[in-house]
Amino acid sequence: MPFPIKVCAICSEEFELKPDKPGFANRCPECSAEESTDPVTRQRMDADERKNQTEANAARRQAMRELLYRKDS
């Protein structure tokens with residue numbers, strides 16, 4: 001059974017959509033490879049930012065816990 005023929009959303013060239021193809025299903029392997037080689041840049045956080053984020057996450061968890069497990073009177 002032949003693989004389906006798709007048209008790349010970036011370069012508009014036809015390609016065969018094969019199983020286990022890296023990248024997106026609407027992009028050819030050449031266009032998908034360009035994106036995968038870009039390094040992921042993460043911003044460095046200082047101690048204050050980490051503390052603020054930790055406190056915000058704790059408040060979110062507490063709010064969700066209260067919404068999920070509150071007793072209806």
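Computed over heavy atoms, backbone and side chain alike; hydrogens, waters and symmetry mates excluded. Here the structure is a predicted model, which means the values were calculated and not measured.
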Item to check | CD-CD1 distance between E14 and I5, expressed to the nearest 0.5 angstrom | outcome: 6.5 Å
Next on the checklist: With a sphere of 6.0 Å drawn around CD of E13, does it hold more than 12 non-hydrogen atoms of other residues, nucleotides or ligands?
Outcome noted: no
Next on the checklist: Show the nearest heavy-atom pair for residues K18 and F3, with the distance to one decimal.
Outcome noted: CG-CD1, 3.7 Å
Checklist entry - What are the two closest non-hydrogen atoms of C11 and C28, and how far apart are they? => result SG-SG, 3.6 Å
Checklist entry - Under the 3.5 angstrom rule, does the side chain of R50 hit a backbone N or O of M45 as a donor-acceptor pair? => result yes
Next on the checklist: If you define the side chain from C-beta out and look only at heavy atoms, does anything of C31 sit under 4.5 Å from F24?
Outcome noted: no
Next on the checklist: Between Q62 and E66, do the side chains contain a donor N or O and an acceptor N or O under 3.5 Å apart?
Outcome noted: yes
Checklist outcome for this item: Output for pair (T54 OG1, E49 CD), nearest 0.5 Å, gives 11.5 Å
Checklist entry - With a 4.5 Å heavy-atom cut-off, do N26 and K6 have their side chains touching? => result no
Checklist entry - Can you name the nearest heavy-atom pair linking A25 to F15, along with the distance? => result O-CZ, 3.6 Å
